[in-house]
Q: 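The structure that follows is given in the form of structure tokens.
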Amino acid sequence: MLFLILPSPCVFPLRYSPQNRLIMKILVNNKETELTEGNTIADLTRQLELPAQGVAVALHNRMVPRTQWEEQTLKEGDSLVIIKAACGG
């Protein structure tokens, strides 16, 4: 009889918010940001206090139409690029 001993998987400590929601890490403009699980792009833009107009968001280098911001749930490891329009020349 042959027994194979496998190493135990790495377990990372999970962190929870005071509301008992899992805290996850995402990248926003290449900066690590913590956010509670279940947030949408719309939630993130409100938390970042972004203006209502003149903002574009890309998720994994694909533009997300504003009409989909409320439905697009963010996940651990997501990478977003947020672009704000600026006046001038």
Side-chain angles (χ1 to χ4, degrees):
M1 190 175 243
L2 177 66
F3 291 97
L4 183 62
I5 300 173
L6 299 174
S8 62
C10 294
V11 178
F12 297 99
L14 299 176
R15 293 186 46 221
Y16 292 88
S17 71
Q19 296 81 23
N20 208 28
R21 292 177 67 189
L22 184 62
I23 295 175
M24 61 182 183
K25 292 182 181 181
I26 62 172
L27 288 177
V28 178
N29 294 350
N30 291 321
K31 181 179 175 189
E32 192 173 86
T33 304
E34 290 186 341
L35 191 65
T36 55
E37 188 176 58
N39 276 289
T40 63
I41 290 176
D43 296 328
L44 177 64
T45 60
R46 285 188 287 271
Q47 288 176 29
L48 296 175
E49 298 179 0
L50 296 175
Q53 299 296 318
V55 175
V57 177
L59 175 62
H60 300 293
N61 294 320
R62 299 189 82 161
M63 295 304 293
V64 179
R66 185 179 292 268
T67 56
Q68 295 177 13
W69 287 8
E70 289 290 344
E71 297 96 38
Q72 183 64 57
T73 303
L74 298 171
K75 299 173 190 73
E76 176 81 26
D78 277 349
S79 177
L80 292 105
V81 175
I82 298 175
I83 302 166
K84 291 190 276 184
C87 296

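For the numbers below, each heavy atom of this structure counts, side chains included, while hydrogens, waters and symmetry mates do not.
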Q: Hydrophobic clustering (ILVMFWY, side-chain heavy atoms < 4.5 Å, transitive) - are Leu48 and Leu27 grouped together?
A: no
Q: Please check: side-chain N/O of Ser79 versus main-chain N/O of Gly77, any donor-acceptor pairing under 3.5 Å?
A: no
Q: For Ile82, does its backbone N or O pair with a side-chain atom of Asn29 as donor and acceptor, under 3.5 Å?
A: yes
Q: Suppose we screen for side chain to side chain donor-acceptor pair (under 3.5 Å). Which residues come up paired with Glu34, at least two apart in sequence or across chains?
A: Arg15
Q: Taking only residues two or more places apart in sequence, or in another chain, which ones meet Ala42 in a side-chain contact (heavy atoms from CB on, under 4.5 Å)?
A: Thr40, Arg46, Trp69, Glu70
Q: Please enumerate all residues that pass salt bridge (charged side-chain N to carboxylate O under 4.0 Å, His left out) together with Arg66, with sequence neighbours excluded.
A: none
Q: For Glu76, which residues count as a side-chain contact (heavy atoms from CB on, under 4.5 Å) partner, sequence neighbours excluded?
A: Met24, Lys25
Q: Looking at residues at least two apart in the chain, or sitting in another chain, which of them share a side-chain contact (heavy atoms from CB on, under 4.5 Å) with Glu49?
A: none
Q: Please name all residues satisfying side-chain contact (heavy atoms from CB on, under 4.5 Å) with Lys84, sequence neighbours left out, ordered by chain then number.
A: Leu50, Pro51, Val55
Q: Please tell me if the side chains of Thr36 and Leu22 come closer than 4.5 Å, counting only heavy atoms from C-beta onward.
A: no
Q: Membership question, hydrophobic clusters at under 4.5 Å side-chain separation (ILVMFWY): are Val81 and Val57 in the same one?
A: no
Q: Find out whether Leu80 and Leu74 are in side-chain contact, i.e. whether some heavy atom of one side chain is under 4.5 Å from a heavy atom of the other.
A: yes
Q: side-chain contact (heavy atoms from CB on, under 4.5 Å) with Asp78: which of Leu59, Val28, Leu35?
A: Leu59
